[in-house]
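Below is one structure, written out as structure tokens, with a few remarks after it.
Counting begins at 1 with the first residue of the sequence.
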Amino acid sequence: MYTAHPDRYADMPYRRTGRSGLKLPALSLGLWHNFGPDRSVETQRAILRRAFDLGITHFDLANNYGPPPGSAESALGEALKADFAPYRDELIISSKAGYLMWPGPYGEWGSRKYLLSSLDQSLKRMGLDYVDIFYSHRPDPETPLEETMGALHSAVQQGKALYVGVSNYSAEQTREAARILGELGTPLLIHQPRYSMLDRRPESEGLLDALDELQVGSIVFSPLEQGLLTSRYLDGIPEGSRAASDSPFLNSDAVTEDLVGRLRALDEVAKSRGQTLAQLALAWTLRGGRVTSALVGASSARQIEDSVGAIGNLDFDADELSRIDAIIEGKA
């Protein structure tokens with residue numbers, strides 16, 4: 001029987017989520033990849049155990065995570081039963097609905113029918129009475145935002161979610177979602193955007209500014225850009241990597257000579273800080289406190305340990321930030 005490490009809260013920083021009472025670890029574990037039937041159950045459980053032992057109290061999922069869709073939630077359900085039942089009240093567990101989950105007109109997007117049906121299915125797969133955070137995974141261009149936000153509000157009213165969030169919403173959509181939820185009496189807790197050194201749209205498109213104004217938290221996905229911001233691609237595309245596969249999220253065309261050169265330059269910055277490239281990328285994302293938490297994935301417990309090493313140095317001086325900007329912009 002698994003027993004959590006007694007010092008699991010010793011080192012991990014916890015950040016308040018917007019103006020709520022909820023704190024999230026600076027690093028959270030995303031179960032987007034590596035939690036399906038093609039992965040060893042023991043490896044999956046080892047990742048979850050090591051994450052929790054290192055202070056990662058937040059496990060983030062969506063209905064369609066796997067592959068196949070639903071398998072990540074089922075895997076977490078088995079792990080909760082086997083290892084984490086005594087620790088449920090120490091965990092933040094989130095799920096989402098918005099992308100295709102089942103056939104037909106009610107199997108995706110943002111209708112009340114889909115969102116609440118999906119949440120019921122997610123709870124059943126995980127063996128839970130409630131999730132801590134339930135997200136609208138993407139805006140629906142054809143469903144009134146009032147209906148989508150109303151469904152999130154209903155999830156809270158029904159006791160099936162404690163908090164609600166949105167993901168992949170623009171700054172304007174986020175402001176409107178927050179307004180509607182505020183009028184309903186269920187505050188918008190958090191936004192989950194894509195954000196990294198290589199993808200700064202939340203800055204350039206005003207999303208981070210909107211979240212600051214609204215006092216809404218943020219948890220960013222792909223801070224390592226599907227593995228690009230790790231040591232894996234410093235010598236090109238290795239065999240067995242995501243870019244070498246038929247992954248829809250990263251293909252070989254993206255790994256250009258120019259990009260590899262910039263990654264090597266960023267790796268030199270990381271070394272000067274006593275960090276790996278992945279640790280540098282995570283620290284950069286968490287710099288200054290604007291981002292509440294960064295989501296990391298892992299295929300092994302060792303990867304979790306490397307990611308958590310980033311919290312040892314989250315501060316940057318002006319010269320480091322300027323150097324990173326120059327490298328990203330191709331001016332260094």
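- Distance check, rounded to the nearest 0.5 Å: CG of Leu229 to OG of Ser231 gives 11.0 Å.
- Heavy-atom contacts from other residues, nucleotides or ligands closer than 6.0 Å to CD of Glu172 number 12 or fewer.
- Remark: the Gln226 side chain and the Ser222 side chain contain an N/O donor-acceptor pair separated by less than 3.5 Å.
- For the residue pair Ser28 / Ser293, a side-chain donor-acceptor distance below 3.5 Å is found, with atom types taken as modelled.
- A side chain to side chain contact (heavy atoms under 4.5 Å, CB included) with Met12 is found for one member of Thr57, Leu54, Ile56 and no other, namely Ile56.
- For the pair Pro13 and Ile311, the tightest heavy-atom approach, listed with the atom from each and the gap, is CD-CD1, 3.7 Å.
- Atom OG of Ser307 is separated from atom CD of Gln279 by 7.5 Å, given to the nearest 0.5 angstrom.
- At most 12 non-hydrogen atoms from other residues, nucleotides or ligands lie less than 6.0 angstrom from CG of Asp129.
- For the atom pair Leu286 CG and Leu314 CG, the distance stands at 6.0 Å (nearest 0.5 Å).
- Taking the side chain as every heavy atom from C-beta outward, Leu277 and Leu266 approach each other to under 4.5 Å.
- Between Ile133 and Ile219 there is no side-chain heavy-atom pair separated by less than 4.5 Å.
- Between Tyr87 and Phe52, the angle of the ring planes lies from 30° to 60°, which puts this pair in the tilted group.
- The backbone N or O of Ser94 lies less than 3.5 Å from no partner atom in the side chain of Asp60, so there is not a single donor-acceptor pair.
- Separating the OG1 atom in Thr285 from the CZ atom in Arg290 is a distance of 13.0 Å, to the nearest 0.5 Å.
- A donor-acceptor pair shorter than 3.5 Å cannot be found between the side chains of Tyr233 and Glu225.
- Within the 3.5 Å criterion, the main-chain N or O of Arg112 finds a donor-acceptor partner in the side chain of Glu147.
- Residue Phe84 is grouped with residue Tyr9 when hydrophobic side chains (ILVMFWY) are merged at heavy-atom distances under 4.5 angstrom, including chains of intermediate members.
- In this structure, the side chain of Lys23 does not engage the main chain of Thr17 through any donor-acceptor pair within 3.5 Å.
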Check step by step if side chain to side chain contact (heavy atoms under 4.5 Å, CB included) holds for Val131 and Leu61. CA-CA 10 Å; Val131 291; Leu61 301 99; over 6 Å; no

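- Within the 4.5 Å cutoff, the side chain of Arg287 has heavy atoms near those of the Leu321 side chain.
- Ring geometry for Tyr195 versus Trp284: interplanar angle of 30 to 60°, hence tilted.
- Considering all non-hydrogen atoms of both residues, Pro193 and Leu207 come closest at CB-CD2, 3.6 Å.
- Cation-pi contact between Arg323 and Phe316: absent, since separation from the ring centre below 6.0 Å together with deviation from the ring axis within 45° is not met.
- A salt bridge links Lys160 with Asp120; the closest basic N to acidic carboxylate O contact falls under 4.0 Å.
- Residues Met101 and Ser117 form no side-chain contact, since every pair of their non-hydrogen atoms from C-beta on lies 4.5 Å or further apart.
- Side-chain contact check for Lys96 versus Tyr65: some heavy-atom pair is nearer than 4.5 Å.
- Proximity of a side-chain donor or acceptor of Gln173 to a complementary backbone N or O of Tyr169 within less than 3.5 Å is not detected.
- Looking only at distances, a side-chain donor or acceptor of Arg16 sits under 3.5 Å from a matching main-chain atom of Ser20.
- When all heavy atoms of Leu295 and Gln192 are compared, the closest pair comes out as CD1-OE1, 3.4 Å.
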Before giving the answer on side chain to side chain contact (heavy atoms under 4.5 Å, CB included), spell out for Leu48 and Leu76 the whole-Å C-alpha distance, their side-chain angles and the decisive distance to 0.1 Å. CA-CA 9 Å; Leu48 293 166; Leu76 180 64; 4.1 Å; yes

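- No cation-pi contact links Arg8 to Tyr14, judged by a cut-off of 6.0 Å to the six-membered ring centre and 45° from its axis.
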Go through the steps for Phe134 and Leu123 under the test side chain to side chain contact (heavy atoms under 4.5 Å, CB included), then give the verdict. CA-CA 11 Å; Phe134 182 51; Leu123 292 175; over 6 Å; no

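- Remark: side-chain polar atoms of Tyr114 are paired, donor with acceptor, to backbone N or O of Tyr99 under 3.5 angstrom.
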Apply salt bridge (Lys or Arg N to Asp or Glu O under 4.0 Å) to residues Glu213 and Arg175 and explain how you reach the verdict. CA-CA 9 Å; Glu213 293 165 16; Arg175 285 191 174 93; 2.8 Å; yes

Run the numbers on Asn313 and Asp315 for side chain to side chain contact (heavy atoms under 4.5 Å, CB included), then give the verdict. CA-CA 6 Å; Asn313 186 6; Asp315 296 323; 4.3 Å; yes

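- Distance check, rounded to the nearest 0.5 Å: CG of Asp53 to OH of Tyr2 gives 3.5 Å.
- Under the 3.5 Å distance criterion, with hydrogens and angles disregarded, a donor-acceptor pair is assigned to the side chains of Asn63 and Ser118.
- Atom CD of Glu329 has more than 12 neighbouring heavy atoms from other residues, nucleotides or ligands inside a 6.0 Å radius.
- In this structure, Ile190 and Tyr163 have side chains that are not in contact, with every pair of non-hydrogen atoms separated by 4.5 Å or more.
- Residues Ile304 and Leu24 do not share a hydrophobic cluster, defined by chaining ILVMFWY side chains whose heavy atoms lie under 4.5 Å apart.
- The two residues Gly98 and Arg138 make their nearest non-hydrogen contact at O-NE, 3.0 Å.
- Within 6.0 Å of the OH atom in Tyr106, the count of heavy atoms belonging to other residues, nucleotides or ligands does not exceed 12.
- Side chains of Ile93 and Leu80 form a contact here, defined as non-hydrogen atoms less than 4.5 Å apart.
- Between Leu188 and Thr174 there is a side-chain heavy-atom pair separated by less than 4.5 Å.
- Here CZ of Arg201 is found 7.0 Å from CZ of Arg194. Values are rounded to the nearest 0.5 Å.
- The backbone N or O of Ser170 sits nowhere less than 3.5 Å from a side-chain atom of Glu205 that would complete a donor-acceptor pair.
- In this structure, the side chain of Glu73 does not engage the main chain of Gly66 through any donor-acceptor pair within 3.5 Å.
- The two residues His153 and Thr186 have their closest heavy-atom pair at ND1-OG1, 2.6 Å.
- Residues Arg125 and Gly70 approach most closely at CD-O, 3.3 Å, considering heavy atoms.
- Screening Lys331, Arg262, Arg200 against Asp325 for a salt bridge (charged side-chain N to carboxylate O under 4.0 Å, His left out) leaves a single residue, Arg200.
- At a threshold of 4.5 Å between side-chain heavy atoms, the hydrophobic network of Ile, Leu, Val, Met, Phe, Trp and Tyr places Val156 and Leu162 in two separate groups.
- Under 4.0 Å is where a charged nitrogen must lie from a carboxylate oxygen, and between Asp132 and Arg88 at least one such pair does.
- Side-chain N or O atoms of Thr148 include one that pairs as donor or acceptor with a backbone N or O of Gly110 at under 3.5 Å.
- For Glu183, the salt bridge (Lys or Arg N to Asp or Glu O under 4.0 Å) test picks out Arg179, with sequence neighbours left out.
- Between the side chain of Arg264 and the backbone N or O of Leu234 there is at least one donor-acceptor pair closer than 3.5 Å.
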